[in-house]
Amino acid sequence: MKLIFKIVLFPFAVLYGLIVRLRHWCYNVGIFKVHTFVVPTICVGNVAVGGTGKSPMVEYLIQKFQNRHKIAVLSRGYKRKTKGFLLADKTSTVLDLGDEPFQFWQKYKDIILAVCANRVEGIQKICSLPTPPNLIILDDAFQHRPVKAKINIVLTAYAQLFTDDWLLPMGRLRDVVSRVQQADIVVVTKCPTTLSQSERSLIEKQLQKKAHCPIVFATIAYDEQVFKEDETISLSNFIKKPFTLVTGIANPQPLLAYLKEQGADFQHLNFPDHHHFSSEEIHQLQDKRILTTEKDYVRLQPHLQNLYYLPIAMQFLTPADEHIFGTVFENL
């Protein structure tokens, strides 16, 4: 049945690929304008839809550069209730900014945080601020050809490498794999910590055929504590009692596997990525002891009391991976 489904979708994937290639050709030959900016820009992106760990990478970059640069983060603000350019301030809500930008804003108060679907307009308005940044991180902008970033970081998930995938709607690729040739570095995210050297080498060879840039490997590091607004509990103590895990992310499988490894007893309620919870769904969650992701927490927290989140961070598999990654920014 799955094979029949793919056969039916194959012509649409071919058509989609032709449209994407035509768009890139128009930018490459100058029919569509490409903008460059004096302020350095770091683009974090991928060629697939969702689930590669862009938010942990953005947070890693904020932490890496915040002591040396005035940083701005520009995001689309997916599924926000506002339109156009919006600069975050103390009155901003998750509905104004979107869940991931609001998460950045809550955690890093010293940055400039803005959302705008038009990245060129967004950068121009950020640069015209009275105290502009000297470094802009572009969240999920690799497919936005109107902006030529100084550094392009492309992410691909270990379990869903872009070289093993197909274009939409047959697969999850929203861009052609040849686009990865414009990357300065490719990060294989969500790797198992036990990844062998032989498997690393196989993946590197597979990706190098398309990427032509350094390949490094990273994993998900889970916090040892869970948090709510006014309380912190060790994860080991929290999972001593049954709970409900609520996720609205692209790929919850690594989190599920991790909690099961810890011996947790939980029921999993899975929702689509960036899900806006309805009043009825909130009501059904009212009496439950809930663990969720940090991204989901910012959407659920105004409505639920017994709600905790487990933070994650991106962590390179080896010091050598982190060193190679750092060399990309030597001329920043």
Side-chain angles (χ1 to χ4, degrees), residues 33-46 49-50 52-155 174 184 249-250 273-274 276 293-299 301-302 313-314 329 332:
K33 187 175 181 179
V34 176
H35 298 77
T36 56
F37 296 89
V38 174
V39 61
T41 51
I42 302 174
C43 171
V44 177
N46 56 19
V49 290
T52 55
K54 291 184 295 295
S55 293
M57 173 59 79
V58 169
E59 293 193 2
Y60 176 90
L61 293 172
I62 293 172
Q63 294 167 19
K64 180 179 178 66
F65 292 111
Q66 64 184 351
N67 293 330
R68 289 179 285 157
H69 293 274
K70 178 63 175 176
I71 296 173
V73 174
L74 177 62
S75 179
R76 172 186 172 187
Y78 184 62
K79 283 199 172 182
R80 62 188 170 115
K81 298 298 184 181
T82 54
K83 300 292 184 183
F85 177 84
L86 182 65
L87 190 67
D89 60 28
K90 62 182 180 181
T91 68
S92 298
T93 69
V94 65
L95 295 178
D96 297 328
L97 304 175
D99 49 19
E100 289 163 339
F102 187 72
Q103 176 182 318
F104 303 149
W105 178 238
Q106 281 200 317
K107 293 176 72 171
Y108 305 102
K109 293 297 187 182
D110 292 335
I111 68 171
I112 298 168
L113 190 286
V115 290
C116 189
N118 184 325
R119 300 304 203 279
V120 173
E121 177 189 354
I123 295 172
Q124 290 172 338
K125 290 191 174 181
I126 287 172
C127 291
S128 66
L129 293 172
T131 54
N134 56 15
L135 178 64
I136 298 176
I137 299 171
L138 303 173
D139 175 31
D140 194 16
F142 189 59
Q143 73 276 20
H144 289 272
R145 289 296 307 273
V147 174
K148 182 176 174 59
K150 183 175 179 63
I151 297 172
N152 283 302
I153 302 168
V154 171
L155 311 182
R174 59 180 172 180
D184 294 282
I249 58 178
D273 197 16
H274 303 280
H276 279 300
T293 69
E294 196 168 2
K295 184 172 82 171
D296 294 310
Y297 181 83
V298 298
R299 281 179 276 125
Q301 187 269 332
M314 191 209 68
F329 307 99
L332 191 63

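In this chain, residues are counted from 1 in sequence order.
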Less than 4.5 Å apart, any side-chain heavy atom of [X] and any of [Y]?
X: Leu74; Y: Arg119; value: yes
X: Asp139; Y: Tyr78; value: no
X: Lys150; Y: Phe37; value: no
X: Phe102; Y: Arg299; value: no

Next on the checklist: A cation-pi test, strictly: NZ or CZ of Lys107 under 6.0 Å from the centre of the six-membered ring of Trp105 and no more than 45 degrees from its axis. Yes or no?
Outcome noted: no
Closest non-hydrogen atom pair between [X] and [Y], with its separation:
X: Asp273; Y: Ile249; answer: OD1-CA, 3.3 Å
X: Glu121; Y: Asn118; answer: N-OD1, 3.0 Å
X: Leu87; Y: Ala114; answer: CD1-CB, 4.1 Å
X: Ile42; Y: Ile153; answer: CG2-CD1, 3.7 Å
X: Pro132; Y: Cys127; answer: CB-O, 3.6 Å
X: Ser75; Y: Pro101; answer: OG-CG, 3.5 Å

Could you grab the distance from atom [atom1] of [X] to atom [atom2] of [Y], nearest 0.5 Å is fine?
X: His276; Y: Lys81; atom1: NE2; atom2: NZ; answer: 4.5 Å
X: Ile137; Y: Cys43; atom1: CD1; atom2: SG; answer: 11.0 Å
X: Asp296; Y: His274; atom1: CG; atom2: NE2; answer: 9.5 Å
X: Leu332; Y: Arg68; atom1: CG; atom2: CZ; answer: 8.0 Å

Next on the checklist: Under a 4.0 Å threshold between the charged nitrogen and the carboxylate oxygen, would Glu100 count as salt-bridged to Lys54?
Outcome noted: no
Checklist entry - Should the heavy atoms of other residues, nucleotides or ligands under 6.0 Å from NZ of Lys148 be counted, would the total exceed 12? => result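 For Lys148, atom NZ is not crowded (no more than 12 foreign heavy atoms under 6.0 Å).
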Checklist entry - What do you reckon, is NZ of Lys109 surrounded by more than 12 foreign heavy atoms closer than 6.0 Å? => result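 Enclosed: over 12 neighbouring heavy atoms sit under 6.0 Å from NZ of Lys109.
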Next on the checklist: What verdict does the side chain to side chain contact (heavy atoms under 4.5 Å, CB included) test give for Leu86 and Arg80, after you've listed the backbone C-alpha separation in whole Å, the side-chain angles of each residue and the deciding distance to 0.1 Å?
Outcome noted: CA-CA 11 Å; Leu86 182 65; Arg80 62 188 170 115; 4.2 Å; yes
Next on the checklist: Walk me through whether Tyr108 and Val73 qualify under side chain to side chain contact (heavy atoms under 4.5 Å, CB included).
Outcome noted: CA-CA 10 Å; Tyr108 305 102; Val73 174; over 6 Å; no
Item to check | Any residue meeting side-chain contact (heavy atoms from CB on, under 4.5 Å) with Pro133, in chain and number order, not counting sequence neighbours | outcome: Lys70, Ala72, Ile112, Ile126, Ile136
Next on the checklist: Is there a side chain to side chain contact (heavy atoms under 4.5 Å, CB included) between Thr82 and Leu95? Walk through the geometry before answering.
Outcome noted: CA-CA 7 Å; Thr82 54; Leu95 295 178; over 6 Å; no
Next on the checklist: Which residue is it: Leu61, Asn134, Leu113, Ile111? I am looking for the one with a side-chain contact (heavy atoms from CB on, under 4.5 Å) to Ile71.
Outcome noted: Ile111
Item to check | Steps toward side chain to side chain contact (heavy atoms under 4.5 Å, CB included) verdict (Asp110, Gln66) | outcome: CA-CA 8 Å; Asp110 292 335; Gln66 64 184 351; 5.9 Å; no
Next on the checklist: Quick one, Gln103 with Tyr297, criterion side-chain hydrogen bond (donor to acceptor under 3.5 Å, both in side chains). Give me CA distance, side-chain angles, the key distance, then yes/no.
Outcome noted: CA-CA 9 Å; Gln103 176 182 318; Tyr297 181 83; over 6 Å; no
Item to check | Heavy-atom donor-acceptor pair, Asp89 side chain to Ser92 backbone, under 3.5 Å | outcome: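 Yes, because the side chain of Asp89 sits within donor-acceptor range (under 3.5 Å) of the backbone of Ser92.
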